[in-house]
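Only a predicted model underlies this, so the values are computations on that prediction, with no experimental measurement involved.
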Amino acid sequence: MTQPVSPQPVSPPRDSTDKVPQAQPPAWRGLVVRADIRTLSLLGVLAALVLIGGITKPDEFLDTRNLQLVLTQGSVIGVVTVGMTFVITSGGIDLSVGAIVALASVWATTLATQEYGFGGILFTSVLVGLGCGLVNGLLIAYGGMVPFIATLAMLASARGLALQITDGKTQIVTSDSILDLGERDSYVLGVPPLVLVFAVVTIIGWLVLNRTTFGRRTVAVGGNAEAARLAGIDVRRQRLYLYLLSGLCCGIAAFLLIILSGSGQNTNGNLYELDAIAAAIIGGTLLSGGRGTIVGSVLGVLIFTTITNIFALNNLQSDVQQIAKGAIIVAAVLVQRRTASTT
């Protein structure tokens with residue numbers, strides 16, 4: 001006699017619209033993709049500018065000496081921009097960088113300083129930059145002043161002191177060890193020493209921002225200062241360090257400018273604050289803080305330097321250059337706001 005077969009439970013038919021839940025990609029992957037897109041876009045703009053320069057002035061623009069000049073001129077403002085990138089990433093601003101460069105350059109080229117030669121000029125440039133950065137940092141971090149006001153006051157004070165030191169005159173460098181660095185004989189495999197210094201500063205800046213706790217604290221402070229404080233970060237001390245870093249970069253840039261021009265002038269660094277802020281913004285550093293990119297800032301510097309060079313070769317007026325830079329800044333900020341609203 002056969003045993004009755006017990007009915008097997010029948011599973012309900014699966015709806016064709018049901019989907020197996022997929023693992024969501026990590027948030028950082030989207031940030032990396034957007035960063036890559038920004039970098040590629042900047043490289044495309046730079047390539048287009050090189051193409052324009054090659055078409056309009058092929059013999060002059062593509063000349064090796066001219067390309068070396070573009071890189072050399074970009075190195076000075078580039079070092080300043082590295083420091084500015086850190087400050088803006090933290091949610092701050094530094095309007096005094098150009099004035100600090102001027103003050104450091106004239107203080108380092110006085111007759112008393114030049115008696116100590118190469119070391120004396122370098123030491124004075126860096127020390128003046130650090131001193132100005134220290135004052136900015138103390139006023140902002142511990143004095144509670146708004147960065148815009150504090151650095152604006154430093155801009156006026158440093159410019160005035162630079163004018164007082166020089167009495168409106170150009171201070172000529174007489175140290176051969178400084179002047180020799182501006183000669184072609186000092187180039188390393190065709191690369192000017194100033195460009196090598198800029199490359200080293202860029203690499204160090206990238207490593208510090210992306211591979212150290214200092215960089216992570218900087219991003220955290222810029223993203224949400226109160227949350228960073230609750231997480232145990234000393235926000236005031238971090239801001240002090242950032243303005244010291246900006247001052248250090250200004251001191252290095254002043255030394256490079258002394259090599260480039262062979263002199264110290266109270267007009268040095270004019271509008272450097274505009275160029276540094278603009279380069280950082282179009283490079284992808286968020287003006288409100290919380291995001292910064294050294295690579296993008298460097299590409300921004302090269303873009304602006306190339307634009308200036310093309311305009312100069314085509315005998316275009318400087319006011320047209322400033323209008324073009326202003327338009328680029330506005331476009332970059334609008335793109336940032338659109339990107340922020342979609343994320």
Side-chain angles (χ1 to χ4, degrees), residues 77 79-104 128-162 209 217-229 233-251 253-254 268-293 297 300-301 304 322 325-326 328-334 336-337 340:
I77 185 62
V79 173
V80 176
T81 303
V82 170
M84 183 69 77
T85 301
F86 277 88
V87 172
I88 296 179
T89 302
S90 71
I93 199 73
D94 192 348
L95 301 178
S96 63
V97 290
I100 295 175
V101 169
L103 179 59
V128 172
L130 284 172
C132 293
L134 177 63
V135 173
N136 281 337
L138 290 175
L139 291 176
I140 294 168
Y142 295 95
M145 293 187 66
V146 178
F148 182 90
I149 301 299
T151 57
L152 185 63
M154 176 58 72
L155 183 155
S157 301
R159 283 289 180 193
L161 185 55
L209 184 60
R217 289 196 299 265
T218 300
V219 174
V221 170
N224 190 323
E226 181 60 20
R229 185 187 67 81
I233 298 175
D234 191 333
V235 175
R236 293 190 298 178
R237 184 173 62 185
Q238 183 70 16
R239 285 174 174 162
L240 174 61
Y241 289 161
L242 288 167
Y243 282 95
L244 277 172
L245 176 61
S246 179
L248 173 62
C249 290
C250 289
N268 282 342
N270 187 35
L271 295 181
Y272 272 21
E273 55 277 357
L274 170 64
D275 292 340
I277 294 172
I281 292 174
I282 71 170
T285 299
L286 198 60
L287 191 58
S288 58
R291 187 184 72 203
T293 163
S297 296
V301 169
F304 276 125
Q322 299 304 325
K325 289 181 180 180
I328 293 173
I329 296 171
V330 172
V333 173
L334 291 176
Q336 279 194 0
R337 292 185 61 182

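In this structure, CG in Asp275 is found 8.5 Å from CD in Glu273, a value given to the nearest 0.5 Å. Atom CG of Asn270 and atom CZ of Arg159 lie 5.5 Å apart (nearest 0.5 Å). Rounding to the nearest 0.5 Å places OG1 of Thr285 at 8.0 Å from CZ of Arg291. Atom CZ in Arg239 sits 14.0 Å away from atom CG in Leu139 (nearest 0.5 Å). Interatomic distance, Cys132 SG to Leu248 CG, rounded to the nearest 0.5 Å: 12.5 Å. Rounding to the nearest 0.5 Å places OH of Tyr241 at 14.5 Å from OG of Ser90.
For the pair Ser297 and Thr81, the tightest heavy-atom approach, listed with the atom from each and the gap, is CB-CG2, 3.8 Å. Considering every non-hydrogen atom in both Met84 and Ile277, the closest pair reads CE-CG1, 3.7 Å. Considering all non-hydrogen atoms of both residues, Ala150 and Ile140 come closest at CB-CG1, 3.6 Å. Contact record, Ile100 with Gly129: CG2-CA, 3.9 Å, taken as the closest heavy-atom pair. Closest approach of Ile233 and Ala220 over heavy atoms only: CD1-CB, 3.9 Å. Scanning both residues, Val97 and Tyr272, for their nearest heavy atoms gives CG2-C, 4.1 Å.
Checking side-chain atoms of Thr151 against main-chain N and O of Asp94 turns up no donor-acceptor pair under 3.5 Å.
Residues Asn136 and Ser246 have side chains that never bring a donor and an acceptor to within less than 3.5 angstrom of each other.
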_Val80/Cys249 under side chain to side chain contact (heavy atoms under 4.5 Å, CB included): CA gap, chis, key distance, verdict_ = CA-CA 5 Å; Val80 176; Cys249 290; 5.7 Å; no
*asked:* With side chain to side chain contact (heavy atoms under 4.5 Å, CB included) as the criterion, how do Val221 and Thr89 come out once you've worked through the C-alpha distance, each side chain's angles and the decisive distance to 0.1 Å?
replied: CA-CA 8 Å; Val221 170; Thr89 302; over 6 Å; no
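Using a 4.5 Å heavy-atom threshold, the side chains of Thr293 and Thr85 count as separate. Side-chain atoms of Phe304 and Ile282, non-hydrogen and from C-beta on, do get closer than 4.5 Å to each other. Within the 4.5 Å cutoff, the side chain of Ile88 has no heavy atoms near those of the Leu286 side chain.
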